[in-house]
Structure formats: C-alpha cells, structure tokens
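Notes follow once the structure below has been shown.
Values below: every heavy atom of this structure, side chains too, minus hydrogens, waters and symmetry copies.
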Amino acid sequence: MGAACTKKLTADEPVSMKPNLATPADDDETFDNLQLDCGILTEELRASLKELGHVVSSELVSGMLSLLWPYMSTAASQVLNKTMGEVLDRVAQKYPLLGRLVQARNLDLGTVSPQIGAIYSYKRHKDSVGNVGIEICAELSWDANVDVDLTLGPTSFGINQVKMSGLGCIVFTPLMDKEPLVGGVHVFFVNTPFIDFKFK
C-alpha cells in the first residue's frame with residue numbers, strides 16, 4: 001500500500017478531483033489525484049463520496065478489462081493450475097496419505113471478467129524493496145462462471161460459479177523504462193470481501 005493520508009477525512013470534507021500534475025520527488029509515495037488511502041474508506045465515507053460525485057468513472061477501465069479478459073483468464077488459469085499442482089506435489093511428498101486423498105483435476109477462471117465500480121483514488125505506489133507502481137483503489141466485483149474440479153478421496157466435486165465483491169486495490173508494479181513497461185499486476189481486497197460459490 002502507498003503512504004496513508006496525513007489526516008482522516010470526514011464525509012463532508014471536499015475532495016479535489018483535479019489531477020496532481022506536479023512532478024513527485026523520488027521519495028514521494030503520494031503522487032495522488034484523490035488524496036485518499038484505501039485504509040480509511042469506511043462504508044459511510046464511500047457512500048458519501050459517491051453521493052457527492054467524488055469518484056472517478058470506471059467504464060473505460062472495465063471495458064478494457066473485458067476485452068483483455070479472455071487472454072488474462074487463460075494465462076491466470078495456467079499459472080494457478082501449475083501452482084496448485086506444485087503445492088499438492090509438496091504435500092504428497094510430506095504427507096503421502098493426504099496427497100493421495102486430495103487432487104485438483106482442473107481450474108478454469110471462465111469467460112466473465114471482473115468488474116471495477118467506483119474508483120476512489122489512484123496513486124503512486126512504492127513497495128518495501130523500492131519498486132514503483134500505480135495503485136488504484138476501487139469497488140471490485142466478480143460473478144465468475146468458473147470450472148473447478150477437485151477430488152477428495154473417493155468423492156469428486158466441482159464449483160461452477162463464484163461471486164465476490166468488496167473494496168479492493170489493483171497495483172501495477174514494477175513500472176519499467178523498457179518493454180513490457182509493467183512487470184506485473186497485484187489484485188487484493190482491503191477488507192474481507194463478500195464471497196459466495198455454487199457447487200456443480
């Protein structure tokens with residue numbers, strides 16, 4: 001996360017929507033358009049910001065994400081399947097009986113992209129090792145038509161729908177001065193999100 005606000009905002013305090021065009025110093029982690037930190041965004045404050053119009057439209061970002069999702073979903077599914085396989089292999093080596101009982105047969109993130117709702121802030125992000133990135137704080141939701149197949153002993157079961165929503169952060173980091181410009185993307189929820197899923 002980026003540096004926190006220097007003061008706690010109240011719901012009736014005006015928030016500037018004008019972009020900060022000043023050049024940040026090397027150690028400045030708050031090169032913000034909206035001077036907000038995800039950590040202080042209570043439900044009441046978020047509702048007030050929406051009512052007052054102090055949010056950024058997310059239609060363009062969500063539209064671009066929808067176009068990119070078929071490629072992102074395939075790549076992420078491959079990474080998750082590989083990672084899950086490696087984890088289960090390590091478990092099987094350490095606990096052979098458990099390894100034989102639990103098996104993951106498939107994990108597909110589906111065709112429905114996550115949706116980005118109200119964007120509350122975007123700022124310069126610097127992590128603990130000095131990597132610089134861009135952090136976006138927004139409402140995130142995902143009603144996914146996933147395909148997950150697991151085997152637990154003699155029983156096989158699957159999940160074909162996952163719903164989740166909450167206040168989240170999207171961090172593009174590290175930023176580089178050469179291709180591919182952005183080294184990776186981190187997505188996480190600030191607070192415990194709403195999660196629901198449906199078995200096959």
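V162 and F199 fall within a single hydrophobic cluster, where Ile, Leu, Val, Met, Phe, Trp and Tyr are joined by side-chain heavy atoms under 4.5 Å apart, directly or via other members.
Between the SG atom in C169 and the CZ atom in F188 there is a gap of 4.0 Å [rounded to 0.5 Å]. Residue H125 holds its NE2 atom at 10.0 Å from CG of L175, rounded to the nearest 0.5 Å. Note: I136 CD1 to F172 CZ = 5.0 Å, rounded to the nearest 0.5 Å. Considering CG of D89 and CE of M84, their distance stands at 12.0 Å, rounded to 0.5 Å. The CZ atom of F189 sits 7.0 Å away from atom CD1 of I195, with the distance rounded to the nearest 0.5 Å. Rounded to the nearest 0.5 Å, atoms CZ (F157) and NZ (K200) are 11.0 Å apart.
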Side-chain polar contacts of residues 65-81 - donor-acceptor pairs under 3.5 angstrom, sequence neighbours left out - could you list them?
unit_1 : atom_1 : unit_2 : atom_2 : d
S66    : OG     : S62    : O      : 3.0
S66    : OG     : S113   : OG     : 3.2
W69    : NE1    : G110   : O      : 3.2
W69    : NE1    : V112   : O      : 3.3
S73    : OG     : G110   : O      : 2.8
T74    : OG1    : P70    : O      : 3.0
S77    : OG     : S73    : O      : 2.8
S77    : OG     : L109   : N      : 3.1
N81    : OD1    : L107   : N      : 3.1
N81    : ND2    : S77    : O      : 2.8
N81    : ND2    : L107   : O      : 2.7

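Nearest heavy-atom pair, V187 versus V185, reported as atom, atom and distance to 0.1 Å: CG2-CG1, 4.1 Å. The shortest non-hydrogen separation linking K126 to V132 is CE-CG2, 4.2 Å. In plain terms, the two heavy atoms of M176 and V182 that are nearest each other are CE-C, 3.9 Å.
Residues D147 and N106 are in side-chain contact: their nearest non-hydrogen atoms beyond the backbone lie under 4.5 Å apart. Using a 4.5 Å cut-off on side-chain heavy atoms (C-beta onward), V146 and I159 make contact. For the pair N160 and K198, the minimum side-chain heavy-atom distance is below 4.5 Å.
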Could you go through S156 and L150, starting from their C-alpha distance and side-chain angles, then the distance that decides it, and tell me whether this counts as side-chain contact (heavy atoms from CB on, under 4.5 Å)?
CA-CA 6 Å; S156 296; L150 298 170; over 6 Å; no

Evaluate the side-chain contact (heavy atoms from CB on, under 4.5 Å) criterion for residues T173 and I134: first the C-alpha distance (whole Å), next the side-chain angles of each, then the deciding distance (0.1 Å), finally the verdict.
CA-CA 7 Å; T173 187; I134 298 172; over 6 Å; no

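When atom types are taken as modelled, the side chain of D196 and the backbone of M164 share no donor-acceptor pair closer than 3.5 angstrom.
There is no side-chain donor-acceptor pair under 3.5 Å between N145 and Q161.
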